[in-house]
Amino acid sequence: MEKILARKVVEAVKSLYNVDIEESLVQISDTRKDFTGDYTLVVFPLLRFSKKSPELTAGDIGGYLRENCADVREYNVIKGFLNIVISSAWWYSFFKDMASQKELFARAVAAKPGTIMVEYSSPNTNKPLHLGHIRNNLLGYSLCKILEACGHKVIKTNIVNDRGIHICKSMLAWQKKGNGETPESSGMKGDHLVGKYYVVFEQELKLQVAELKEKGLSEEEARNEAPLMKEAREMLLKWEAGDRETIELWKTMNSWVYAGFDETYRLLGVEFDKIYYESETYMFGKDIVLDALKNNILYQKEDSSIWVDLTEEGLDNKLLLRSDGTAVYMTQDIGTAVLRHQEYGFDKCIYVVGNEQNYHFQVLKSVLQKIGYPWSEGLHHFSYGMVELPEGKMKSREGTVVDADDLIAEMKDSAKKVSLELGKLTGFSGEEKEDLYDKLGLGALKYFILKVDPKKNMLFNPAESIDFNGNTGPFIQYTYARIKSVFRKAETEGIDNDIELPSVLDIGDKEISLIKLLGRFPATISEASETLSPALVANYCYDLAKEYNQFYHDMSILGEPDVNVRAFRLKLSGYTASVLKAGVGLLGMEMPERM
RNA sequence: GGUCCCAUAGUUCAAUGGAUAGAACGAAGGUUUCCUAAACCUUAGAUUCAGGUUCGAUUCCUGGUGGGACUACCA
């Protein structure tokens, strides 16, 4: 409709003022809630053609539209805004068209679908996942769903940072203090067990550092000189040299961690098509770096460390291989990127990684460009904001991290508590109840995280539990469950919920508002895919649920005596339910049939 | 020091350069013989400051203040 109106406005300007204008000058938006109308034309940009006041210009165009556009029923002018009212008959037939289409995402499909690789999660194997990883995983997974809905071929991928000095720290501490403890012997989840030894290492190191500082060393010197740190570095060297004992221990402890991660991923409902391991890609990265050195793209210092000079690109000098020949994070990221492109030939590769690594990804892209990979143009850092606590950033060293598994368990618990208090679960089996708590608890968590603009930092206050009322996931789920309940009742009362709608039907304002919102679904999805923002989808779903609840409150559906009107309201409700389910599905949320 | 990001009701979040800045939680009040009250409806309550561009600025530009991130032979 916007398109038709815009064209008509161009026509109106031509006819009224005898000027040809670009359609892009025509600004048509949805009319704000407190004004009468469906669409609003902002006339300010057209004043230089009409050479009249905003009010008169708006009046001219409004008059033209009413005369020449059958579906424009009336208009009103407030300041420079022309509010256009579309006939309810048009809205009704618009809805009929929309509801008869099978494919909900059809109108959201991108003009040029491509192959897009999305990397998310990217955990280190020295400690369990925390709330920051939850945001990462939910954003990454949702992004994949949204891109798929828009017709792209998406490869969900993960890079597991399974090697490096941090792993050695856990390994070393376990060797020294572990007494052979295993997940089985301790009953601890594997990733938590390994995390425990990482903490042990940091504590012991802290003592050694304090001791050295008393002898007059600086913080940095002390950390470097501490015996534990030296041992950890030696271990890394042994690991890279393929020392059997070290590799065995590494494999064992990593397998514990993977079992733990798999469990957390399962709970969160995220998955991957292809998992890369840094231990398998870093050598490849090393080769690329050494090759580039031969080709004089990089340079080597006297201590034999290898660097790239990116000062021309406005960046700094960056280390790519340490003087002892071991790889750094950047080395493996170079290798992984090249490997991925060889294997999948992506058009785009999106890295879902926190904004604290903005610099890292600038460097990565520049290095790849410098080495000569034209496809590096398609690398994109999806930089999302940190999750902060009231006292600031989460710090694992200070034990202020919110553990992912704990939080998920708490959410399910809260869901259970709230559900039992409301006491609506008569007729649910034990299994159905557990399933519901899952859907609601995770729904609340996922919506809480995803409704926030990904670019922004967000705050999580552990003291205040995540809500189940108001602007929340369960609110949307509740709306859906209510609609399903109406359909169940229709069935038991023998009401046919799928009769052919009449070609003409008089419908009300509440219904039109709902239709308008429903019509905006595809555009919301494509915008979310273009701006990489699941938050747009989340907020849309909330708006739609809110609008439907008003409709549900004000209008009777099954109690409506007119069979045609009743059928229309049922269809409107059913379609709303489909859109809500599809919408939150893009956020990785599931809908309960009853709650 | 350098580079970058952020600042909106008491709180957590919204707002393609457009009208009277939206929600939710919290506060005060109301709605149930009626399809699920995890709902609906009232009321009170906000753009960090100073300039600039513009017919029009929460949005763009400059500066101040406040907060955060990065600037490792960590990841």
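Order of the sequence lines sets the chain letters (A, B, ...), proteins ahead of strands, with each chain counted from 1.
Two rings, from A:His360 and A:Tyr329, have their centers less than 6.0 Å apart. A distance below 6.0 Å separates the ring centres of A:Phe551 and A:Tyr548.
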Do any N or O atoms of the protein come closer than 3.5 Å to N or O atoms of nucleotides 19-21 of chain B, and which pairs are they?
| unit_1 | atom_1 | unit_2 | atom_2 | d |
| --- | --- | --- | --- | --- |
| B:rA19 | OP2 | A:Arg32 | NH1 | 2.7 |
| B:rA19 | N6 | A:Thr40 | OG1 | 2.8 |
| B:rA19 | N6 | A:Asn83 | OD1 | 3.3 |
| B:rA19 | N1 | A:Asn83 | OD1 | 3.1 |
| B:rA19 | N1 | A:Asn83 | ND2 | 3.4 |
| B:rU20 | OP1 | A:Lys79 | NZ | 2.9 |

Check nucleotides 11-15 of chain B against the protein and report each pair of N or O atoms closer than 3.5 Å, with its distance, or say if there are none.
| unit_1 | atom_1 | unit_2 | atom_2 | d |
| --- | --- | --- | --- | --- |
| B:rC13 | OP1 | A:Leu459 | N | 2.6 |
| B:rA14 | OP1 | A:Asp453 | N | 2.4 |
| B:rA14 | OP2 | A:Lys456 | NZ | 3.4 |

Check the interface with nucleotides 43-48 of chain B: list each N/O to N/O pair with the protein under 3.5 Å, or write none.
none

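Among the atoms of the strands shown, base atoms are found under 4.0 Å from some heavy atom of A:Leu558. Counting non-hydrogen atoms under 4.0 angstrom, A:Asn358 reaches nothing in the nucleic acid. If you check every strand for non-hydrogen atoms under 4.0 Å, A:Val328 touches sugar and phosphate atoms only.
Between the C1' atoms of B:rA46 and B:rC40, the separation comes to 25 Å (whole Å). To the nearest whole angstrom, the two C1' atoms, one in B:rG30 and one in B:rA69, are 48 Å apart. Atom name P, nucleotides B:rU43 and B:rA23: the rounded distance is 11 Å, in whole Å. Taking atom C1' in both B:rA7 and B:rU48, the straight-line distance is 7 Å, to the nearest Å. Atom name P, nucleotides B:rG45 and B:rU3: the rounded distance is 43 Å, in whole Å. Nucleotides B:rU59 and B:rG17 have their P atoms positioned 11 Å apart, rounded to a whole Å. For the C1' atoms, the distance linking B:rU11 with B:rC70 amounts to 29 Å, nearest Å.
Under 3.5 Å, the side chains of A:Tyr384 and A:Asn355 contain no donor-acceptor pair of N or O atoms. Checked by atom type, the side-chain pair A:Ser50/A:Thr57 shows a donor-acceptor distance below 3.5 Å. Side-chain atoms of A:Thr125 and A:Asp162 form no donor-acceptor pair, as typed in the model, at a separation below 3.5 Å. In the model, A:Thr31 has no side-chain atom that pairs as donor or acceptor with a side-chain atom of A:Asp38 under 3.5 Å.
Listed nucleotides: B:rG18, B:rA75, B:rA23. Nearest to the side chain of A:Glu278: B:rA75. Checked against B:rA39, B:rC40, B:rC35, the side chain of A:Tyr478 finds its nearest nucleotide in B:rA39. Side-chain atoms of A:Gln27 lie closest to B:rG18 of the nucleotides B:rG18, B:rU36, B:rC41. Relative to the side chain of A:Asn549, the nucleotides B:rC35, B:rU36, B:rA39 differ in distance, and B:rA39 lies closest.
One finds a side-chain N or O of A:Lys546 lying less than 4.0 angstrom from the OP1 or OP2 phosphate oxygen of B:rA24. Under 4.0 angstrom from either OP1 or OP2 of B:rC55 there lies no side-chain N or O belonging to A:Arg48. Within the structure, every side-chain polar atom (N or O) of A:Gln357 is placed at least 4.0 Å from both OP1 and OP2 of B:rA75.
More than 12 heavy atoms of other residues, nucleotides or ligands shown are found within 6.0 angstrom of CD on A:Glu391. Few gaps surround CD on A:Glu593; more than 12 heavy atoms of other groups in view lie less than 6.0 Å from it.
Consecutive pairing runs in RNA chain B reach the stem threshold at B:1-7 with B:65-71, B:10-13 with B:22-25, B:27-31 with B:39-43, B:48-52 with B:60-64, where a stem means at least three Watson-Crick or G-U wobble pairs with distances under 3.5 Å.
Of the residues in residues 309-327 of chain A, those with a non-hydrogen atom less than 4.0 angstrom from any atom of RNA chain B are A:Leu319, A:Arg322, A:Ser323.
In terms of the salt bridge (charged side-chain N to carboxylate O under 4.0 Å, His left out) criterion, residue partners of A:Lys412 (sequence neighbours excluded) are, by chain and number, A:Asp438.
By the 5.5 Å and 30° criteria, A:Tyr552 is not stacked with the base of B:rA39.
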